[in-house]
Every structure is written in C-alpha cells, then in structure tokens.
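We're numbering straight along the sequence, starting at 1. Side chains included, hydrogens not; waters and symmetry mates left out as well; all remaining heavy atoms used.
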Amino acid sequence: MKKLFTQLIRFGIVGAIAFLIDYAIMIALTELAGINYLVSSGISFTISVIVNYILSITIVFKPKKDANKTKEFIIFVFLSVIGLGLNQLLMYIQVDILAIFYMLAKIVATAVVMIYNFITRKLFIEDHAKG
C-alpha cells in the first residue's frame, strides 16, 4: 500500500509538470498565436505526452524488464491518443456546448484524463511481478 501511495505522489508530480507544460503551451498558442483552442489544446497535449512518458518510465512506473521499448512506447502513445480524444471531447463539450471558458475546461479535462492515464499506464506499462 505504501508503494502505491508513493507511486501516486510521483504520478501526481509528473502529472503536474506535464499539466503546466500542456496548459502554458495551450494558452500561448491560443492567446499569443491566435490558434483555435482545440488545435492548440491538441498540440500542447502531444508535447506534454512526450515529457510525461519520459518522466513516467524513469520515476513513476517500473517498466517490465524484458519489455520491448519500442512496443512500450507505442502502447504509451496509443493510450495517450485515447487520452487526447477524451481530452478533446471534454474540451468541446465544456466550451462549445456548456459555454465554459476554455482555460477552466482544460483543468477539468486534465483531471479526468489524469485518472484514465494512471489506471491504463499501471495496467499496461508497469512490471507487476512480485518482489
């Protein structure tokens, strides 16, 4: 249980770093470059996924020892693409349908996707061997 708690704390720190990168890039692209919020949100999400992957496999999850790193990255990206789809759907619903300001909508979408990310990465990336 202590290991899971420590892992959740590390995941939270990594998630916070990735979120700050994601959020800052999204706002810069939308506000400074005039790019549509859905496009800028997709770009910022993609950049944050790369940072998140590197940090996740180095300080959060213990990757399978015999894992093919290319296959592991492809799985991570595949799971992240689903997360991106969920992010974009939540952004669209909140901003275009519910008229929530995009900066606030991003925080809600990120929280939901963060839960999805932890569960799927723990299931598909981490070595669950006892010991």
Side-chain angles (χ1 to χ4, degrees):
M1 194 63 150
K2 183 179 176 184
K3 180 185 172 193
L4 179 62
F5 181 73
T6 301
Q7 192 175 43
L8 280 168
I9 296 297
R10 288 180 179 172
F11 183 80
I13 292 167
V14 167
I17 292 167
F19 172 74
L20 290 173
I21 291 167
D22 187 359
Y23 200 67
I25 291 171
M26 179 196 68
I27 291 171
L29 291 174
T30 302
E31 298 297 321
L32 302 176
I35 297 173
N36 176 277
Y37 78 92
L38 282 175
V39 175
S40 63
S41 179
I43 293 168
S44 65
F45 184 91
T46 302
I47 293 168
S48 74
V49 162
I50 295 167
V51 171
N52 196 311
Y53 173 75
I54 293 165
L55 294 176
S56 289
I57 64 167
T58 56
I59 66 172
V60 179
F61 298 109
K62 184 178 179 184
K64 298 170 183 154
K65 290 178 179 74
D66 60 346
N68 176 320
K69 296 301 176 192
T70 303
K71 182 179 177 185
E72 183 180 84
F73 182 71
I74 290 169
I75 290 169
F76 191 94
V77 169
F78 178 76
L79 295 172
S80 295
V81 167
I82 294 171
L84 173 60
L86 182 57
N87 175 77
Q88 297 298 79
L89 177 63
L90 291 170
M91 289 291 291
Y92 173 76
I93 290 169
Q94 292 178 93
V95 176
D96 288 346
I97 296 174
L98 300 176
I100 296 171
F101 187 55
Y102 81 96
M103 289 182 192
L104 179 59
K106 182 64 171 183
I107 294 169
V108 173
T110 298
V112 172
V113 173
M114 187 178 215
I115 294 165
Y116 160 81
N117 283 341
F118 182 80
I119 293 168
T120 58
R121 290 172 187 169
K122 184 145 183 74
L123 290 172
F124 293 105
I125 303 283
E126 187 171 53
D127 185 0
H128 295 287
K130 301 283 182 197

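- Considering only residues two or more places apart in sequence or on other chains, Gln7 meets the side chain to side chain donor-acceptor pair (under 3.5 Å) condition with Lys122, Glu126.
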Q.
Show, in sequence, the C-alpha distance, side-chain angles and deciding distance for Asp96 and Tyr37, and conclude whether the side chain to side chain donor-acceptor pair (under 3.5 Å) test is met.
A. CA-CA 11 Å; Asp96 288 346; Tyr37 78 92; 3.0 Å; yes
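- In this structure, Ile107 is a member of the same hydrophobic cluster as Ile97, with clusters built from ILVMFWY side-chain heavy atoms closer than 4.5 Å.
- Val108 and Leu84 are assigned to two separate hydrophobic clusters, defined by single-linkage of ILVMFWY side chains at heavy-atom distances under 4.5 Å.
- For Phe61 and Tyr53, the ring centers are positioned 6.0 Å apart or more.
- With values rounded to the nearest 0.5 angstrom, Ser80 atom OG is found 12.5 Å from Ile74 atom CD1.
- Here the OG1-CE distance, from Thr110 to Met91, works out to 8.0 Å after rounding to the nearest 0.5 Å.
- The structure places CG of Leu98 at 11.0 Å from CG of Leu104, a figure rounded to the nearest 0.5 Å.
- Across every non-hydrogen atom of Ala105 and Ile100, the tightest pair is N-CG2, 4.0 Å.
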Just distance, no hydrogens or angles: give the donor-acceptor pairs under 3.5 Å from side chains in residues 13-23, sequence neighbours left out.
{"from": "Asp22", "atom 1": "OD1", "to": "Ser44", "atom 2": "OG", "distance (Å)": "2.5"}
{"from": "Asp22", "atom 1": "OD1", "to": "Phe45", "atom 2": "N", "distance (Å)": "3.3"}
{"from": "Asp22", "atom 1": "OD1", "to": "Lys106", "atom 2": "NZ", "distance (Å)": "3.3"}
{"from": "Asp22", "atom 1": "OD2", "to": "Lys106", "atom 2": "NZ", "distance (Å)": "3.1"}
{"from": "Tyr23", "atom 1": "OH", "to": "Met103", "atom 2": "O", "distance (Å)": "3.1"}

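- With no hydrogens or angles considered, no side-chain donor-acceptor pair links Asn52 and Ser48 at under 3.5 Å.
- We find the CG-CG distance between Leu123 and Leu79 to be 9.0 Å, quoted to the nearest 0.5 Å.
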Q | Step-by-step side chain to side chain contact (heavy atoms under 4.5 Å, CB included) determination, Asn117 to Phe11 | A | CA-CA 10 Å; Asn117 283 341; Phe11 183 80; 4.0 Å; yes
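- Sorted by first then second residue, the ring pair (Phe, Tyr, Trp, His ring centres under 6.0 Å) pairs that include residues 77-113, not counting sequence neighbours, number zero.
- For the pair Thr58 (side chain) and Leu55 (backbone), a donor-acceptor distance under 3.5 Å is present.
- Both Val81 and Val113 are part of a single hydrophobic cluster, where members link through side-chain heavy atoms under 4.5 Å apart.
- A donor-acceptor contact shorter than 3.5 Å links the side chain of Gln94 to the backbone of Leu90.
- Residues Ile50 and Phe76 share a single hydrophobic cluster, defined by chaining ILVMFWY side chains whose heavy atoms lie under 4.5 Å apart.
- To the nearest 0.5 angstrom, Ile25 atom CD1 is 12.0 Å from Leu32 atom CG.
- Here the CZ-OH distance, from Arg121 to Tyr116, works out to 8.0 Å after rounding to the nearest 0.5 Å.
- Ile35 and Ile47 fall within a single hydrophobic cluster, where Ile, Leu, Val, Met, Phe, Trp and Tyr are joined by side-chain heavy atoms under 4.5 Å apart, directly or via other members.
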